[in-house]
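So you know, we letter chains A, B, ... as the sequences are listed, proteins then strands, and number each from 1. Note that these values count all heavy atoms, side chains included, but never hydrogens, waters or copies made by symmetry.
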Amino acid sequence: SKCRSCKAPAVIDLPRHNANFCAEHLLQLCRRQMSKAIDDYDMFGPDDRILVAVSGGKDSLAVWDMLIEAGYRADGLYVGLGIGDYSDESTEHVTAFAADRGLHLITVDLRDTFGYDIPTAARATKRAPCSACGMSKRHLFDQAAIDGGYDVVVTGHNLDDEAAVLLGNVLHWDIEYLARQLPVLPAQHGFPRKAKPLVRLTERETAAWCLLRGIDYLVEECPIAAGNRHLHHKDVLNAIERESPSTKSAFYLNFIDNMAPLLAEQSAAASGDLRRCVRCGAPTTGETCAFCRLVDTASAHDPVPVELVLGKRGR
Amino acid sequence: SKCRSCKAPAVIDLPRHNANFCAEHLLQLCRRQMSKAIDDYDMFGPDDRILVAVSGGKDSLAVWDMLIEAGYRADGLYVGLGIGDYSDESTEHVTAFAADRGLHLITVDLRDTFGYDIPTAARATKRAPCSACGMSKRHLFDQAAIDGGYDVVVTGHNLDDEAAVLLGNVLHWDIEYLARQLPVLPAQHGFPRKAKPLVRLTERETAAWCLLRGIDYLVEECPIAAGNRHLHHKDVLNAIERESPSTKSAFYLNFIDNMAPLLAEQSAAASGDLRRCVRCGAPTTGETCAFCRLVDTASAHDPVPVELVLGKRGR
Amino acid sequence: MLVKMRNPKREIEVDGDRTVNHLLDALDLVRESHLVICNGTLVPGDARLAHDDTVEIRPVISGGA
Ligand SMILES: [Zn+2]
Ligand SMILES: [Zn+2]
Ligand SMILES: [Zn+2]
Ligand SMILES: [Zn+2]
């Protein structure tokens with residue numbers, strides 16, 4: 001098959017665009033979709049200092065690469081989660097990526113700095129590992145951005161991620177969660193601005209970006225996340241997509257266009273009373289923030305190897 | 001397994017209730033869910049005259065049976081659609097049901113009264129058969145209710161039907177469609193009140209009601225509807241339900257509770273300017289209503305046998 | 001042809017010439033969730049794979065949220 005733009009031999013078929021593309025025009029499509037997301041949702045400008053949360057997977061390395069290529073000022077932040085071999089390999093991929101390109105990478109290791117890791121936190125708190133992990137990462141991204149004077153935290157969330165989360169939220173119609181599911185959240189209440197420049201790209205497209213740009217990302221997925229509900233929602237959306245291509249992007253993008261404005265009025269009222277955590281200064285509703293309480297509980301617990309939490313998935 | 005209520009041998013397992021039930025307690029569950037829907041959504045009262053739209057399938061015969069059993073004043077309305085053997089058998093099931101119970105049944109045959117049938121309408125309008133069918137039925141239900149002085153039109157739509165339609169609407173976030181997807185719509189603009197008393201029952205439960213009550217419904221589904229998108233959305237929801245039981249009912253019922261009030265403000269504004277069709281008197285935005293225009297087009301066309309439209313599904 | 005797969009990491013032999021889409025169907029894999037790399041090059045769904053090709057089927061679904 002031939003590229004829709006230049007008739008050269010295609011390297012990928014994109015059913016949602018009902019077209020095939022060569023390497024160069026697939027990259028161009030990715031660039032344009034990111035730039036459209038940044039502009040449409042007013043995510044950041046060329047002078048903003050960007051902190052990219054990187055994991056070593058395809059999406060976070062793709063967004064860092066794309067931002068740098070587009071001329072943005074973007075540093076990386078990597079959090080060592082202590083999830084056995086998976087984290088060791090992640091570290092290698094991220095550090096090699098940054099070193100090869102001469103990019104600035106900030107690293108925070110949970111065990112070294114806070115005395116715990118994700119498997120231990122999951123066991124100590126008796127909660128799903130994905131919940132301790134998400135909470136730790138969000139806190140450290142926010143803190144690093146504030147401490148480092150960055151204007152915005154960027155994550156690699158793609159269209160499939162956002163559509164799957166949206167499906168989960170829609171299945172239960174939690175209005176608060178729905179109202180917060182936006183491609184950019186303004187800085188407020190002591191939290192930094194947050195943006196997701198890849199929301200218009202599917203994960204098949206971000207993976208293709210990495211392949212075509214020679215980015216050596218970690219293909220293996222987090223062993224703890226395997227089989228979680230989020231992944232099941234992705235399968236469900238892909239089954240719908242197969243029956244009717246481009247439904248997935250319509251689902252997410254029409255939500256942002258048609259529904260988010262209606263919900264915005266709702267959530268404005270609900271931001272509540274926030275003060276500063278007495279320990280770390282982060283915004284919190286209590287005396288101590290949830291992260292500092294997690295650190296207390298998890299760091300007091302004997303280290304738990306990852307194998308022991310693999311039975312307890314993040315469902 | 002044993003009935004949750006009385007420990008007698010169970011006849012059905014209901015994963016969403018995480019329980020099994022004997023025949024008597026399954027019937028009780030159905031009665032309670034219908035009565036809760038009627039009360040919660042203020043559908044109608046014991047003095048209201050109800051017109052039940054019946055098709056011969058499980059849902060419409062179940063709701064008619066349940067309403068009569070509960071002491072409501074309910075007559076039936078059956079529309080002969082002219083869909084080959086399927087319609088002939090539907091007619092037999094409906095007329096036998098009404099005759100056996102001494103219930104009043106109004107029958108309208110599209111070919112006899114308006115000179116067309118659904119296969120012919122689909123061919124003549126070059127639109128999906130399900131669209132001509134839905135429009136014809138809605139118009140005739142409304143007209144029969146107004147002409148007969150009924151207070152409310154009742155349809156047999158169950159939880160699976162409503163959840164599948166909701167999923168379709170949510171996938172595209174059409175706010176107008178979402179705002180109108182309610183278990184009861186008030187009489188307004190010349191349209192009668194419409195209610196769906198079975199929205200809290202799954203189709204497995206309404207089928208069980210019919211079986212246990214000895215209702216001889218037409219098991220076969222409409223041959224034209226087979227494979228349409230609505231049915232694919234049901235499959236999708238059942239896949240989600242299998243992973244996490246009771247999600248389907250949460251999806252629909254939380255929408256009604258949490259989301260519909262937000263949308264109600266939106267739709268109030270959008271009802272537009274309606275006048276009366278110069279031919280039939282039905283509310284319409286134009287000179288002649290869409291039904292009268294369909295009648296003109298379809299009745300002028302040579303009759304088309306159902307087999308010829310089976311390739312063109314209502315997708 | 002030799003087909004490299006992931007989750008778990010493994011290699012299988014598949015007989016005969018066939019298109020990428022046909023290979024994915026035969027293995028019951030969803031196109032939307034995979035990239036196919038033939039002899040080191042990304043290839044589209046209608047590309048033909050030959051008997052002596054080395055093929056990688058790379059899943060693209062990531063688990064975090
Ligand atoms: Zn090209
Ligand atoms: Zn704190
Ligand atoms: Zn019982
Ligand atoms: Zn009319």
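Residue contact with chain A, scored on non-hydrogen atoms closer than 4.5 Å, involves the side chain of Leu166(B) exclusively. With a threshold of 4.5 angstrom between heavy atoms, Leu262(A) approaches chain B through side-chain atoms but not through N, CA, C or O. For a residue to count as touching a neighbouring chain, one of its non-hydrogen atoms must lie under 4.5 Å from one of that chain's; by this rule Ala250(A) touches chain B with backbone and side chain alike. Using a 4.5 Å cut-off between heavy atoms, Ile240(B) contacts chain A through both its backbone and its side chain.
Between Glu203(A) and Lys58(A), the shortest heavy-atom distance links the atoms O-CE, 3.4 Å. Nearest heavy atom pair, residue Ala62(A) against residue Trp209(A), reads CB-CD1, 3.8 Å. Smallest separation of non-hydrogen atoms from Met259(B) and Trp173(A): CG-CZ3, 3.5 Å. Residue Ile256(B) comes nearest to Gln181(B) through the heavy atom pair CD1-O, 3.6 Å, listed as atom of the first residue, atom of the second, then distance.
With chain B as the partner, the residue from Asn254(A), Leu171(A), Leu178(A) showing the most heavy-atom pairs under 4.5 Å is Leu171(A). Between chain A and the options Leu253(B), Asp235(B), Val236(B), Val170(B), the largest number of non-hydrogen pairs under 4.5 Å is found for Val170(B).
Defined by atom type and a distance below 3.5 Å, a donor-acceptor pair is missing between the side-chain atoms of Thr297(A) and Thr125(A).
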